[in-house]
Amino acid sequence: MTEPPRLAVVGAGPAGLTAALAAAARGVRVTLVDAAPDAGGQFYRQPAAALGARRPRALHHQWRTWERLRDALAAHVAAGRVTHLADHHVWCVEGESGAFRVHALRGPGQEEPAVVHADALLLATGGYERVLPFPGWTLPGVVTAGGAQAMLKGGLVLPGRTAVVAGTGPLLLPVAVSLAAAGTRVAALVESADPRGFARHARVLAARPDKLAEGARYAAGLARHRIGVHLRHTVVAAHGTDRLEAVTVAALDADGRTGEGGGRRIPCDTLAVGHGMLPHTDLAETLGCRLDGTDVAVDDEQRTDVPGVWAAGETTGIGGAALALAEGRIAGLSVAARLDRLDSRAPDPRSYARAAKARAGLREFFAAVDDVCAPPDRWAERIGDDTLVCRCEEVPASAVREAVGELGAGDVRTVKLLTRAGMGWCQGRMCGPAVAGLAGCPPDPSRRPFARPVPLGVLAREPGGTP
């Protein structure tokens, strides 16, 4: 009897879940590998059952979509078509078309090795927040916008009593409204972008009435909770001794500079700050997948240029859950068609026409958002020499500037070697964009052999196998 083809999906967020379900429904044996204890990713993050949340849906929108995904996954797992490996942290993927090995660490100590063997690989590794430093950003009480949302969704924890939400991008709206609805007093929403920039994209916006309606709902939420909105402003400093006590925000001019007035001081014990998202591309880069800027490049079927490797969701470009769902479905259908033992060929485009149409519209929409909500110009000029840039290795901005100006570093790798910026636990994910911005260099592709720190004991012993 011929064994069914095997697909390994890394990431159980909207893209990975949808791809796994589409492929499994067409006869592919799927192993879904994810670091979280439950499926759903960051977007559908759920509170632990032990917390006894009575209405978890109150923290989410698109709850019915999540219920359909959750129930379909449970049915496929029960039928043996999908194996869900939760709490498995992938640190390396190796192989080539037809013979892939996904190496993961499992368990609370992340010291138990596991290996998944597959005929094809789908990367749905999501994204992470772009962090730009400023004086005081390492104070307790300063968190990323997504981190504040994760605390609320996953732990039912309020990050503080009085919060300022700041940065740029659409994530700030749901974070501010959800924190206020949960009981935090949101003193201000500080957005560095100029919303008048959306006038350049009127046609694109008009084509997405669903997104306009979503924005209107958040605007109503801001008004309902009396959250003051400061447009074309930025946080220039966070203040406090043992923890955050206040922030200073200042207006930005057309060139991205702050005025000479010193700004406005806002008392708060929490600052949730974010300047957009970046794709997780470590595994894709290790496999040699081509990047298009910061995104993994894919074709119309979500295939990378490495045979046997697909990618979907935020790793191919930041665009939210709806885009991830569309890309995941296309990828899953493509995998199933390409791995069909009897009829291995391209899937019928009609089978994913609706998803392809949604993908095209959403990609165009988020390209417009990225154009308007880019990090503020000249942010690096506001960073004092004593401000830490790499908090893991405690590297100040002065060291990065010295590496470029006096030691002749011309790329991020050389700056890293001269300063140790990016050599800490986060492997440069937190500080990479800031180091590149301060150095005036484009970010370098990582091409790391390991996507996360690995204990030497794991490398020293032969890993076991997981079918």
Side-chain angles (χ1 to χ4, degrees), residues 128-149 151 159-180 184-195 197 222 227-278 372-391 396-397 430-431 433-435 437-438:
Y128 62 100
E129 286 186 89
R130 188 199 317 262
V131 177
L132 300 180
F134 49 86
W137 75 288
T138 58
L139 280 170
V142 180
V143 298
T144 65
Q149 190 178 55
M151 292 170 66
R161 294 183 177 181
T162 303
V164 170
V165 178
T168 187
L171 179 61
L172 303 185
L173 292 171
V175 170
V177 172
S178 60
L179 287 178
T184 293
R185 187 179 78 84
V186 179
L189 172 63
V190 182
E191 168 62 68
S192 64
D194 186 346
L222 295 175
I227 300 172
V229 179
H230 303 269
L231 299 175
R232 199 60 183 161
H233 280 64
T234 190
V235 171
V236 294
H239 311 284
T241 51
D242 297 329
R243 64 165 292 112
L244 179 70
E245 298 172 4
V247 299
T248 295
V249 302
L252 294 168
D253 63 20
D255 295 324
R257 293 187 173 92
T258 56
E260 299 180 357
R264 174 187 176 188
R265 190 179 177 105
I266 304 176
C268 61
D269 59 18
T270 300
L271 171 62
V273 60
H275 291 92
M277 303 280 292
L278 293 169
V372 176
C373 297
D377 295 332
R378 304 183 183 278
W379 64 266
E381 296 178 1
R382 297 190 290 274
I383 307 304
D385 282 345
D386 59 346
T387 300
L388 289 182
V389 177
C390 171
R391 62 192 307 170
M430 294 289 288
C431 67
V435 172
L438 280 173

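The figures that follow rest on heavy atoms only: side chains count, while hydrogens, waters and symmetry mates do not.
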Test item: Trp137 and Val273 side chains (from C-beta on) under 4.5 Å apart, heavy atoms: no
Full working for side-chain hydrogen bond (donor to acceptor under 3.5 Å, both in side chains) between Thr248 and His239: CA-CA 8 Å; Thr248 295; His239 311 284; 2.6 Å; yes
Side chain proximity check, Val235 to Leu271, heavy atoms < 4.5 angstrom: yes
Pairwise distance SG(Cys431) to CG(Leu438) - rounded to 0.5 angstrom: 10.5 Å
Glu191 side chain near His233 side chain, heavy-atom distance below 4.5 Å: no
Residues, nucleotides or ligands: over 12 heavy atoms within 6.0 Å of Arg161 CZ: no
Nearest heavy atoms of Gly240 and Leu139, plus distance in Å: N-CD1, 3.7 Å
Ser178 (side chain) donor-acceptor with Pro174 (main chain) under 3.5 angstrom: yes
Any side-chain heavy-atom pair of Leu388 and Pro133 under 4.5 Å: no
Separation between CZ of Arg378 and OG1 of Thr258, rounded to the nearest 0.5 Å: 11.5 Å
Any Leu173 side-chain heavy atom under 4.5 Å of Leu189 side chain: yes
CZ on Arg391 to OG1 on Thr387, rounded to 0.5 Å: 12.5 Å
Closest contact, heavy atoms only, Gly141 versus Arg243: CA-NH2, 3.6 Å
Criterion side chain to side chain contact (heavy atoms under 4.5 Å, CB included) on Tyr128 and Thr144, from CA distance to verdict: CA-CA 10 Å; Tyr128 62 100; Thr144 65; over 6 Å; no
Neighbour count >12 (heavy atoms, 6.0 Å) for atom CG, Asp255: yes
Pairwise distance CD(Glu129) to CE(Met430) - rounded to 0.5 angstrom: 8.5 Å
Exercise: identify the closest heavy-atom pair between Pro376 and Leu252: CB-CD1, 3.9 Å
Shortest non-hydrogen contact between Ala238 and Phe134, atoms and distance: CB-CE1, 3.9 Å
Distance-minimising heavy-atom pair for Arg232 and Gly256: NH2-N, 3.9 Å
Non-hydrogen side-chain atoms of Val177 and Leu222 separated by less than 4.5 Å: yes
Flag side-chain contact, heavy atom, 4.5 Å: Pro396 against Val389: no
Sole candidate of Leu179, Thr270, Asp269, Thr162 that passes side-chain contact (heavy atoms from CB on, under 4.5 Å) when paired with Thr184: Leu179
From OG1 (Thr234) to CZ (Arg257), nearest 0.5 Å: 15.0 Å
Heavy-atom side-chain contact between Asp194 and Leu231 under 4.5 Å: no
For the student: nearest non-hydrogen atoms of Leu172 and Gly274, plus distance: CD2-O, 4.1 Å
Atom pair OG/CG of Ser192 and Leu132 - distance to nearest 0.5 Å: 9.0 Å
